[in-house]
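Here is the structure we will look at.
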Number of protein chains: 2
Amino acid sequence: MTPLGGRSYDRNVPGATQETIARLEGQGHRVTGSRRAVLDAIAGTVTPFTVEDICLAAPDVGRATVFRTVKLLQDLDVVCRLPLGDGGVRYQLSQSEHHHHLICESCGAVSEFSDPELDALIRRNARREGFRLDGHSLELYGLCPACQPGG
Amino acid sequence: MTPLGGRSYDRNVPGATQETIARLEGQGHRVTGSRRAVLDAIAGTVTPFTVEDICLAAPDVGRATVFRTVKLLQDLDVVCRLPLGDGGVRYQLSQSEHHHHLICESCGAVSEFSDPELDALIRRNARREGFRLDGHSLELYGLCPACQPGG
DNA sequence: CTACATGCAAATTGTTTGCATAGTT
DNA sequence: AACTATGCAAACAATTTGCATGTAG
């Protein structure tokens, strides 16, 4: 993937779309208008996004196609599914580095952070239980600075 | 769904049902036959369970009531929802201590662990980002000992 | 007796599939 | 031209809701 050394949150990098298109071609998938539209929608979305977000951002693409495309992107490891605590299904670009989510229960904002020390500790716990770790997800729920009383 | 063998946290403790009934009464909720049946079903289930599991174990209780009861138990903090990677929804008794989940992507087994050091690190990250932390969820995905090649 | 709980079925919501057609390569 | 992808609608699956009836307190 694009070696974006970029910021942790806000918008997805524009280059990601181009690179994904290259990957589609490389794997023998066709680069269609619908797929471009979905990729653009994803690139313009604050992570993490829902299928609904994409449908709104790419209104000319049918729902079924959005679902099919998101699934395809999952298979290509371009996006990954994010199991949120509220049961809602979200996706986000699979980024090179691990990050976790801070979810504001008041305004719904999602920001990200990463902490190598935390990841190391997680790996250690998995090892202790005899698990072969493939991935993990960590979400913190609370109030963002702007939503705190007196903040 | 393959039960996870040989661990200490396989079955739910019998006392939990009685305690939950006491809590229901204490909060002004009625203790009905359906609710008892659902609680018994949960008590007899290997964690984590699905709504379907309960419907099978308590066939005389209508589906809607099972959903309503599980939601009530969530509100009472008797059970908690588990966001699994495959999108399936499971629940389990909220255990006394804070814990995290190890989810086997092969057999679906879910085991638990807790690590105060990890929790402390999580709190520190939230503080650094200015978040007022209310809760968090952490799931690790991988292969359990039994499902590892050569394991 | 009164209000809350239940069951059933209809209504929602979220996701997948069948099929004829449009679009890529 | 060959074959894949799309859109639409119907099919599904999971969960919620309206309402008349049952029942715990």
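Chain naming here is simple, since letters A, B, ... match the order of the sequence lines and numbering starts at 1 in each.
Between the B:R35 side chain and the B:R30 main chain, a donor and an acceptor come within less than 3.5 Å of each other.
You'll find that the side chain of A:R35 is closest to D:dT6, out of D:dT16, D:dA9, D:dT6.
Side-chain contact check for B:R23 versus B:D77: some heavy-atom pair is nearer than 4.5 Å. Looking at B:L73 and B:T20, their side chains come closer than 4.5 Å, going by heavy atoms from C-beta outward.
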**Message:** Evaluate A:V89 against A:T50 for side chain to side chain contact (heavy atoms under 4.5 Å, CB included), listing each step before the verdict.
**Reply:** CA-CA 6 Å; A:V89 179; A:T50 64; over 6 Å; no

**Item:** side chain to side chain contact (heavy atoms under 4.5 Å, CB included) between B:L93 and B:V78, worked out
**Value:** CA-CA 6 Å; B:L93 282 183; B:V78 172; 4.0 Å; yes

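Rounded to an integer number of Å, the gap from CZ of B:F49 to C1' of D:dA14 is 16 Å. Atom P of nucleotide D:dA9 and atom CZ of A:F67 are separated by 17 Å, given to the nearest angstrom. As rounded to whole Å, 8 Å separates atom P of D:dA14 from atom CD of B:E52. Nucleotide D:dT15 holds its P atom 17 Å from the CG atom of B:L72, rounded to whole Å. Between A:L24 atom CG and D:dT6 atom C1' the separation is 15 Å, expressed in whole Å. At whole-Å resolution of the value, CG in B:L56 and P in D:dA14 are 12 Å apart.
Put simply, A:T65 has a side-chain N or O that comes within less than 4.0 Å of OP1 or OP2 on D:dG7.
Rounded to the nearest 0.5 Å, atoms OG (A:S114) and NE2 (A:H100) are 7.5 Å apart. Annotation: the span from A:L102 atom CG to A:L143 atom CG amounts to 11.5 Å, rounded to 0.5 Å.
Between B:E52 and B:R63 there is a salt bridge, since a side-chain N of the basic residue sits under 4.0 Å from a carboxylate O of the acidic one. Salt bridge present: A:R124 and B:E117 bring a charged side-chain N and a carboxylate O closer than 4.0 Å.
From the 5' end on, the contacts that DNA chain C makes with chain A at under 4.0 Å to a non-hydrogen atom open and close at C:dT15 to C:dT25.
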Collect all protein-nucleotide pairs involving nucleotides 19-25 of chain D in which both atoms are nitrogen or oxygen and the distance is under 3.5 Å.
residue: D:dA24; atom: N3; partner: B:R30; partner atom: NH1; Å: 3.4
residue: D:dG25; atom: OP1; partner: B:V31; partner atom: N; Å: 3.4

